[in-house]
Q: 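Encoded as structure tokens, here's the structure I'll be asking about.
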Amino acid sequence: MTPTHGQTLAEKILARASGSDTVVPGQIVEGAVDLAMMHEQGAQTVGPYHQMGAERVWDPDRVVIAIDHWVPASTEGAAVLHRILRKFAEEAGLPHFYDVGQHGICHQILAENGWVVPGDLAVGTDSHTNMLGAMGAVAAGIGPTEMAAVLALGRLWLKVPPTVQVRVRGRFGPAVTAKDLVLRILGEIRTTGAQYKAVEYSGPTIAGLSMPERFTICNMTTEMGAKTGMVAPDQTTFDYLAKIAKHPMHPMGPDPDAHYERVVDLDVEGMPPMVACPYSPDNVRPLPDVVREHISVDQVFLGSCTNARIEDLREGAALMKGQKVAKGVRFIVSPASTSIYEQCLREGIIETFTEAGAVFTNSSCSACFGGNMGILAPDEVCASSSNRNFPGRMGAKEARIYLMSPAAVVATAIKGEIADPREYA
Amino acid sequence: MQDVIEGRVWTLGTDVDTDQIISGKYLTIIDPNELKKHVFEIALPEFAKEARAGDILVAGENFGCGSSREHAPQAMRAIGVGAVVADSFARIFFRNAINLGIPTVEARGVRAIFSPGDTARIEMRAGRITNLRTGASVSFPPLPAHLIELLEAGGLVEKVRRELELRRGKGTASP
Ligand code: SF4
């Protein structure tokens, strides 16, 4: 099929993956996979993989396994999942296994080790695989049965998505971050606004963001219902990957005359910090409005693949220094990977949080998903730097979760109620 | 996959996410027969006990949003859900359900024409869903050939198994 106009970044990458010159939205293509990632849910890949009669993994050097949801195993069930994966990695000869000790949240493991590079088609057994689109790749979550087919064949079917372009300009005000921006975008696009679509982030503000900030934004593209969220690669991307890229890149950018299904223009000049209120990540309000309601919190969580990189923890520690966690508040801080944990150790960040009365945990998904630790009781309120606040996400279905930036969660931990980080800057 | 599917209807609202289908605390369960006891514990608590094989789920917008957990459609398959129909689906849920061989149909406006306990008739190829109690119906674009093929094979496992067999030359496929 020949389009009458240029191609978006997602279209170009899927054209390359399917060995065509061009593709058009709606077309079903078979794409060759550049990187496949599994976490604990990958334990459910093993059964279907054998039922398919697969005898070998298509390319063991393109498969990464990282365990992150229950590390170290906190239940017998989790221990079994880990054992299934260890055994499978050994039998199938999969060398890139980030086991307890080298562990971290799967997406962060992919990012900091250069497993996804510009032009890739990457898939993972976790919905936030979208985060890796920040590398200028198409990165999407798939289920474990589909992963079995990917391991066996090295490819999967994809419907070429239409692309929504989000163009951002303006400078962030004090204590306003990439998280506030992505919440604002979610407020605009809503949880269904990018269903089955690709979201391409561009404009001067995006160009000025660091890779960690781009990860935060692409991460929450999942909450818009999108297949993938992406930023075209530039010097920032190449610098980040210079020493760590695991395979050759195929950098691509959108054509100037690419066709977008929708264009969203945003100006962040004067934008306040934002917060997503219960029970949906698109229930977004300016933080100052929510602060006025004096909402006291029981728990605060600084963690998750959205916002637990060293930059986030440094920013949080700078606010925390010399302050105390409010009485009656449990503050959980969980770095996104073991290497970030080590960096925190070197920089005294663990000490800062611990002295203030926070619990600094080992790296994992931690309290993000309500199945491991930091689980909420009915009617409790939590301020979190993570990405979801649906009913039951962090424990009891009545518990209320407010999503915000790392700086805002730290301010909230200090004050004991939802707070504006600008009060503490 | 049958071309015409009929069954008793259970209804669900909008934005029913995977946490509400199978909550995070059950994610270490692998056995689908164990999982099915906890399905919809948050969104539709009576379902796990009272659902019968062949029942049809009718939901609003964005059904199955949230995580990529296949536990959600796996539990539905273990119960023997006849089809899942919604105004719209979250993409990973849709893929997972189709890959497991569950007839999954996106039909705008479908939620509005059903109440709990109604009987639905789905004509997969014609692209129509009818409420047999009220006579109301909505049409939908039939699934693309590729997905019909997947459902007819009984899901992705079976489809890949046949493909790998063919590759090894053990297949009995006609030319
Ligand atoms: S941190 Fe939360 S959102 Fe990220 S992979 Fe873990 S459970 Fe999922």
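Each chain gets a letter, A, B and so on, in the order the sequences are listed, and its residues count up from 1.
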Q: Of the non-hydrogen atoms in B:L156 and A:T145, which two are nearest, and what is the gap between them?
A: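 Shortest heavy-atom separation between B:L156 and A:T145 comes out as CD2-O, 3.9 Å.
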Q: On a heavy-atom basis, which atom in B:R91 and which in A:A140 lie closest, and how many Å separate them?
A: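 Closest approach of B:R91 to A:A140, heavy atoms only: NH2-CB, 4.0 Å.
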Q: Identify which of A:P391, A:G395, A:G392 forms the greatest number of heavy-atom pairs closer than 4.5 Å to chain B.
A: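 Greatest number of close heavy-atom pairs with chain B: A:P391.
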Q: Given a strict heavy-atom distance threshold of 4.5 Å, which part of A:A226 is in contact with chain B: side chain, backbone, both, or neither?
A: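 The backbone, not the side chain.
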Q: Of the backbone (N, CA, C, O) and the side chain (C-beta and beyond), which part of B:Q74 lies under 4.5 Å from a heavy atom of chain A, both, or neither?
A: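 Just the side chain, heavy atoms under 4.5 Å.
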Q: Could you go step by step and tell me if A:K159 and B:R95 meet the side chain to side chain contact (heavy atoms under 4.5 Å, CB included) rule?
A: CA-CA 11 Å; A:K159 197 164 161 182; B:R95 289 185 82 94; over 6 Å; no
Q: With heavy-atom distances below 4.5 Å as the criterion, would you say the side chains of B:E158 and A:M52 are in contact?
A: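 SC-SC contact between B:E158 and A:M52 ruled out.
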Q: Is there a side-chain contact between B:C65 and A:T191 in this structure, where contact means two heavy atoms from C-beta onward sitting under 4.5 Å apart?
A: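 They are not in contact (no side-chain heavy atoms under 4.5 Å apart), so the answer is no.
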Q: Keeping the roles fixed (side chain from A:Y196, backbone from B:F89), state whether a donor-acceptor pair exists under 3.5 Å.
A: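 Checking the backbone N and O of B:F89 against the side chain of A:Y196, a donor-acceptor pair under 3.5 Å is found.
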Q: Between B:E163 and A:R155, does any side-chain N to carboxylate O distance fall below 4.0 Å?
A: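 Yes, B:E163 and A:R155 are salt-bridged.
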Q: Mind ranking A:Y279, A:F369, A:W70, A:W157 by heavy-atom pairs under 4.5 Å with chain B and telling me who comes out on top?
A: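 The option with the most such pairs is A:W157.
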Q: Any chance you could measure A:L153, atom CG, to B:L164, atom CG, to the nearest 0.5 Å?
A: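 Here the rounded value is 5.5 Å.
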Q: Rounded at 0.5 Å granularity, tell me how far CZ in A:R388 sits from OG1 in B:T18.
A: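 The distance works out to 6.0 Å.
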Q: Should we say atom CZ of A:R262 is surrounded by more than 12 heavy atoms from elsewhere, each under 6.0 Å from it?
A: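 Enclosed.
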Q: Set out, in order, the CA-CA distance, both residues' side-chain angles and the distance that settles side chain to side chain contact (heavy atoms under 4.5 Å, CB included) for A:T192 and B:D15, then state yes or no.
A: CA-CA 9 Å; A:T192 55; B:D15 284 328; 4.3 Å; yes
Q: For chain B, find which of A:N387, A:T129, A:D126 contributes the most heavy-atom pairs closer than 4.5 angstrom.
A: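 Sorted descending by pairs with chain B, the first entry is A:D126.
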Q: Say you draw a straight line from OG of B:S23 to CE of A:M394; how long is it, rounded to the nearest 0.5 Å?
A: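 The CE atom of A:M394 is 14.0 Å from OG of B:S23, to the nearest 0.5 Å.
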Q: Between B:F93 and chain A, which part of the residue has a heavy atom less than 4.5 Å away: side chain, backbone, both or neither?
A: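 Neither part; nothing is under 4.5 Å.
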Q: Within a 6.0 Å radius of atom CZ on B:R128, are there more than 12 heavy atoms belonging to other residues, nucleotides or ligands?
A: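 No, the 6.0 Å shell around CZ holds no more than 12 heavy atoms from other groups.
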Q: May I ask you to test the B:L27-A:L81 pair for a side-chain heavy-atom distance under 4.5 Å?
A: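 Not touching, per the 4.5 Å side-chain cut-off.
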Q: Between A:G47, A:S280, A:G143, A:A149, which has the largest tally of heavy atom pairs under 4.5 Å with chain B?
A: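 Looking at each of A:G47, A:S280, A:G143, A:A149 in turn, A:G143 comes out on top.
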Q: Based on non-hydrogen pairs under 4.5 Å, which of A:A148, A:P144, A:A43 is most in contact with chain B?
A: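 Top option by heavy-atom pairs under 4.5 Å: A:P144.
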Q: Does a sphere of radius 6.0 Å around CD in B:E46 hold more than 12 heavy atoms from other residues, nucleotides or ligands, not counting ones at 6.0 Å or beyond?
A: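 Count over threshold, so yes.
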Q: Of the backbone (N, CA, C, O) and the side chain (C-beta and beyond), which part of A:E30 lies under 4.5 Å from a heavy atom of chain B, both, or neither?
A: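 Side chain only.
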Q: Among B:A90, B:S88, B:G155, which residue has the highest count of heavy-atom pairs closer than 4.5 Å to chain A?
A: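 Top count of heavy-atom pairs under 4.5 Å with chain A: B:S88.
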Q: Write down the atom of A:A152, the atom of B:V160, and the distance for their closest heavy-atom approach.
A: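 Closest heavy-atom pair between A:A152 and B:V160: CB-CG1, 4.4 Å.
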Q: Rounded to the nearest 0.5 Å, what separation is found between the CD1 atom of A:I84 and the CD1 atom of B:I30?
A: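 Answer rounded to 0.5 Å: 3.5 Å.
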Q: Could you grab the distance from atom CZ of B:R69 to atom CD of A:E40, nearest 0.5 Å is fine?
A: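 Going from CZ on B:R69 over to CD on A:E40, the span is 12.5 Å.
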Q: Given that the side chain runs from C-beta out, which part of A:Q195 has a heavy atom under 4.5 Å from chain B: side chain, backbone, both or neither?
A: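 The side chain, not the backbone.
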Q: Is it the side chain or the backbone of B:N62 that comes within 4.5 Å of chain A heavy atoms, both, or neither?
A: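 Both backbone and side chain.
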Q: Counting heavy-atom pairs under 4.5 Å with chain A, which one of B:Q20, B:H71, B:E61 comes out on top?
A: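 If we count pairs closer than 4.5 Å to chain A, B:H71 comes out on top.
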Q: Roughly how far, to the nearest 0.5 Å, is CD of B:E70 from CD of A:Q44?
A: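 Those atoms lie 6.0 Å apart.
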Q: State, to 0.1 Å, how close A:A78 and B:T28 come at their nearest heavy-atom pair, and which atoms those are.
A: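 Minimum heavy-atom contact is N-CG2, 3.5 Å.
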Q: Below 4.5 Å, heavy-atom pairs only: which of A:E146, A:H69, A:K397 has the largest tally toward chain B?
A: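 Ranked by contacts with chain B, first place is A:E146.
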